[in-house]
Amino acid sequence: MATIELRQVEKRFGNHQAVKPLDLTINDGEFVVLLGPSGCGKTTTLRMISGLETVTGGSIYLGGRNVTWLHPSERDIAFVFQLFALYPHLTVRQNITFPLQAQGESQETIERRLAEVVRLLRIEHILDSRPGKLSGGDRQRVALARALVRRPAAFLMDEPLGALDAEFRESMRAEIKQLHIDQNATTVYVTHDQVEAMAMGDRIVVMSNAEIQQVGTPAEVYHDPANLFVAQFIGSPGMNLVKGHYIGGQVIMPGDNNRYNVPTDWVPALNRATGGDGDVIVGFRPEAAVAASDGELLGQVYATDMHGAYTVLHVNMNHDDIVHVRSNRRTTYPIGTPVRFNLNPQMVRFFDPVTGQAIRREVVQ
Ligand code: ATP
C-alpha cells in the first residue's frame with residue numbers, strides 16, 4: 001500500500017480553473033474523503049490522481065514514485081465509479097476476474113483471489129448472474145470486488161453509493177468502512193454528502209471554489225471549522241453564525257439586550273482580532289445552545305422540529321437572525337414564546353466577518 005502526495009497540483013479547462021494549486025498528503029492506509037458541493041473540483045482531483053485526467057501543473061507521487069505522467073494502468077490504482085461500470089454481457093465471476101485475466105495472472109492465482117473477495121463481500125450466490133439482474137447494492141459489491149481483486153496500492157472511489165437508495169447506502173457505507181479496516185488500503189473517496197464523509201473518513205478534505213478549505217478529522221472539521229464555509233457546510237443543520245460586536249469582554253448580539261459574556265479563555269484572542277472593539281461572528285452548534293429559564297440570551301420561538309430524543313427550536317433573536325437551539329424533548333414551546341438559552345463555553349467559536357476565517361485562541365507561529 002502507499003502514500004499519495006499531491007504537490008501544487010492544479011487543473012484548468014481552457015480559461016476555467018477547475019482545481020487551484022493544492023497540496024495534500026494522504027498517508028499509507030488512510031481513508032480520506034474529498035467533500036464539497038457540486039462543481040468544487042473533487043472529481044477532477046480524483047481523476048488526476050488516477051491518471052484519467054492530466055494535470056495542468058504540479059506533481060503526484062504514489063508510494064514516493066512520481067506518477068504524474070504515467071498512464072492510469074501504470075499507476076497501480078483502482079477506481080470505483082458511481083455508475084457501476086460493469087460489463088453487462090459478462091457474469092459476475094467474469095466481471096471480477098477480468099482485470100486479473102488482462103494482467104495475465106495464472107488460473108490458480110485468479111481462483112484464489114476470486115475466492116477471497118467473494119468471501120469478503122458475501123457475493124457467492126450471484127457469481128453466475130449478469131449485472132442487469134442484480135440490485136444496486138449487489139452491483140456495487142461486484143464493482144468493489146473487481147477493484148479489490150487487483151490488490152492495488154490505492155483505491156479511488158467517486159460517489160460509489162450515489163445511485164443507491166438511503167437504506168442500502170447506509171449498510172454499504174458500513175461495509176466499505178469494514179473492508180477498509182480489513183484491507184488497510186489507502187483510499188480516497190469523493191462525496192458531496194457530509195453525513196457520509198463524517199461517518200467514513202479518517203480525515204476529510206473540505207473543498208469549495210476549486211480549493212481546499214480545510215483538512216481535518218471529522219471531529220476537527222465539526223468542532224473547529226477553519227472558516228464560515230466549513231462551519232455551514234458540515235452539520236445538519238450547520239453551525240449557527242450570528243453577527244455581533246465585541247467590546248469589553250462581551251459580544252453585543254442581535255435582539256433585546258443580548259449581551260454575551262465571552263468565556264475568559266477567548267478574551268485575549270478576541271481583543272487581538274478586533275483591536276478590542278470590532279465586529280465578530282459568533283458560531284455555535286445547535287447542541288451548544290441549551291434552553292434554560294435563566295439563560296443569558298433571549299429570542300422567540302419561530303418553529304420547532306421534533307427529533308425524537310430532543311427538539312430543535314428555531315429561535316428568532318432579531319428579524320433575520322434565526323438560530324437553532326436544542327431543547328428538552330418534553331418541554332413544548334408554542335410559536336412566539338420567549339425562550340432563554342445559554343451557550344456551552346467549550347463549544348462556542350468566533351469568526352472574522354471580513355475574511356470569514358476562524359479566530360483561533362492560540363497564536364499561529
Ligand atoms: P460533482 O459532484 O458535480 O461531480 P465536483 O466537485 O466533482 O462536482 P468536478 O467534476 O471536478 O466537480 O468539476 C469541477 C469544475 O470543472 C466544474 O466547474 C466542471 O464544470 C468543470 N469541468 C469538469 N470536467 C470538465 C471538462 N472535461 N471540461 C470542462 N470543464 C470541466
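The basis for the numbers below is simple: all heavy atoms, side chains too, and nothing from hydrogens, waters or symmetry mates.
- The main-chain N or O of Ala185 is found under 3.5 Å from a side-chain atom of Thr187 such that the two form a donor-acceptor pair.
- Here the side chains of Phe13 and Thr56 are not in contact, with every heavy-atom distance at 4.5 Å or above.
- One finds the OG atom of Ser129 at 10.5 Å from the CD1 atom of Ile123 (value rounded to the nearest 0.5 Å).
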Under 3.5 Å, which donor-acceptor pairs do the side chains of residues 249-257 form with other protein atoms, sequence neighbours left out?
from, atom 1, to, atom 2, distance (Å)
Gln250, OE1, Arg259, NH1, 3.1
Gln250, NE2, Asn261, OD1, 3.1

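- Through chains of ILVMFWY side-chain contacts below 4.5 Å, Leu228 is grouped with Met239, Leu241, Ile281, Phe351.
- No chain of hydrophobic side-chain contacts below 4.5 Å, direct or via other Ile, Leu, Val, Met, Phe, Trp or Tyr residues, connects Leu298 to Ile322.
- Listed for the Thr97 side chain is no donor-acceptor partner under 3.5 Å among the backbone atoms of Leu100.
- Surrounding NE2 of His192 are at most 12 heavy atoms belonging to other residues, nucleotides or ligands under 6.0 Å away.
- Checked by atom type and distance alone, the side chain of Arg141 never pairs as donor or acceptor with a backbone atom of Arg122 at under 3.5 Å.
- By the criterion of side-chain heavy atoms lying less than 4.5 angstrom apart, applied directly or through intervening Ile, Leu, Val, Met, Phe, Trp or Tyr residues, Leu70 is grouped together with Val55 in one hydrophobic cluster.
- When side chains are defined from C-beta on, Val32 does not count as touching Ile4, because their heavy atoms never get closer than 4.5 Å.
- Remark: side-chain polar atoms of Thr311 are not paired, donor with acceptor, to backbone N or O of Met306 under 3.5 angstrom.
- Listed by chain and residue number, nothing satisfies the salt bridge (charged side-chain N to carboxylate O under 4.0 Å, His left out) test with Glu287 (two or more places apart in sequence, or in another chain).
- Hydrophobic clustering keeps Phe350 apart from Ile234 (ILVMFWY residues linked when any side-chain heavy atoms are closer than 4.5 Å, directly or through intermediates).
- The closest donor-acceptor contact from the side chain of Asp28 to the backbone of Ala2 lies under 3.5 Å.
- Under the ring-ring contact (aromatic ring centres under 6.0 Å, His included) criterion, Phe98 pairs with Tyr87, not counting sequence neighbours.
- Not counting sequence neighbours, the partners of Asp128 by the salt bridge (charged side-chain N to carboxylate O under 4.0 Å, His left out) test are Arg93.
- Although no hydrogens or angles enter the test, the distance criterion places a donor-acceptor pair under 3.5 Å between the side chain of Asn240 and the main chain of Phe284.
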Q: Take Val9 and Thr45, measure what side-chain contact (heavy atoms from CB on, under 4.5 Å) needs, and give me the verdict at the end.
A: CA-CA 8 Å; Val9 168; Thr45 304; 6.0 Å; no
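- Using modelled atom types, no side-chain atom of Asn316 and backbone atom of Gln300 make a donor-acceptor pair closer than 3.5 Å.
- Qualifying side-chain hydrogen bond (donor to acceptor under 3.5 Å, both in side chains) partners for Thr68, counting only residues two or more places apart in sequence or in other chains: Asn66.
- Side-chain atoms of Glu53 never come within 3.5 Å of backbone atoms of Thr44 as a donor-acceptor pair (strictly under, hydrogens ignored).
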Only distances under 3.5 Å count here; give the side-chain donor-acceptor pairs of residues 14-24 to other protein atoms, sequence neighbours excluded, each with its distance to 0.1 Å.
from, atom 1, to, atom 2, distance (Å)
Gln17, NE2, Glu10, OE1, 2.8
Gln17, NE2, Val19, O, 2.9
Asp23, OD1, Gln8, N, 2.8
Asp23, OD2, Gln8, NE2, 2.8

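- Under a cut-off of 6.0 angstrom, the local environment of OH in Tyr222 is crowded, with over 12 non-hydrogen atoms contributed by other residues, nucleotides or ligands.
- Val282 has its side chain within reach of Val348: a pair of non-hydrogen atoms, C-beta onward, lies under 4.5 Å apart.
- Partners of His245 by ring-ring contact (aromatic ring centres under 6.0 Å, His included), not counting sequence neighbours: none found.
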Q: Show your reasoning for whether side-chain contact (heavy atoms from CB on, under 4.5 Å) applies to Leu86 and Arg146.
A: CA-CA 9 Å; Leu86 300 174; Arg146 195 173 60 180; 4.1 Å; yes
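- Counting heavy atoms from C-beta on, the side chains of Arg47 and Lys11 never come closer than 4.5 Å.
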Q | Derivation of the side-chain contact (heavy atoms from CB on, under 4.5 Å) call for Leu313 and Phe341 | A | CA-CA 11 Å; Leu313 307 176; Phe341 59 98; over 6 Å; no
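- Between the side chain of Arg7 and the main chain of Ser59, no donor-acceptor pair closer than 3.5 Å is present.
- Expressed to the nearest 0.5 Å, how far OG1 of Thr91 lies from CG of Leu127 amounts to 7.5 Å.
- Considering only residues two or more places apart in sequence or on other chains, Gln101 meets the side-chain hydrogen bond (donor to acceptor under 3.5 Å, both in side chains) condition with none of them.
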Distance-only donor-acceptor pairs under 3.5 Å for side chains of residues 194-207, two or more places apart:
from, atom 1, to, atom 2, distance (Å)
Gln194, OE1, Gly235, N, 2.9
Glu196, OE2, Tyr189, OH, 2.8
Glu196, OE2, Thr191, OG1, 3.4
Asp202, OD2, Phe31, N, 2.8
Arg203, NE, Glu30, OE2, 2.5
Arg203, NH2, Thr25, O, 2.7
Arg203, NH2, Glu30, OE1, 2.9
Arg203, NH2, Glu30, OE2, 3.4

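- Of all heavy-atom pairs spanning Val325 and Ala291, the tightest one is CG1-N, 3.9 Å.
- Among residue pairs with one or both ends in residues 333-355, those qualifying as side chain to side chain donor-acceptor pair (under 3.5 Å) are Asp224-Arg349; sequence neighbours excluded.
- Note: Asp279 CG to Lys243 NZ = 9.0 Å, rounded to the nearest 0.5 Å.
- To the nearest 0.5 Å, atom CD1 of residue Ile212 and atom CG of residue Leu6 are 7.5 Å apart.
- For Glu211, the CD atom counts as densely surrounded, since its 6.0 Å shell holds more than 12 non-hydrogen atoms of other residues, nucleotides or ligands.
- Considering only heavy atoms from C-beta on, Asn227 stays 4.5 Å or farther from Gln214 through its side chain.
- Looking only at side-chain heavy atoms (C-beta outward), Pro131 and Val142 stay at 4.5 Å or farther from each other.
- Between the side chain of Arg326 and the backbone N or O of Arg285 there is no donor-acceptor pair closer than 3.5 Å.
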Q | Stepwise side-chain contact (heavy atoms from CB on, under 4.5 Å) test for Val221 and Leu35 | A | CA-CA 11 Å; Val221 297; Leu35 171 71; over 6 Å; no
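- Partners of Phe79 by ring-ring contact (aromatic ring centres under 6.0 Å, His included), not counting sequence neighbours, listed by chain and number: Phe81.
- When side chains are defined from C-beta on, Pro152 does not count as touching Ile77, because their heavy atoms never get closer than 4.5 Å.
- By the neighbour-count criterion of 12 heavy atoms within 6.0 Å, atom CD of Glu108 is sparsely surrounded, having that number or fewer from other residues, nucleotides or ligands.
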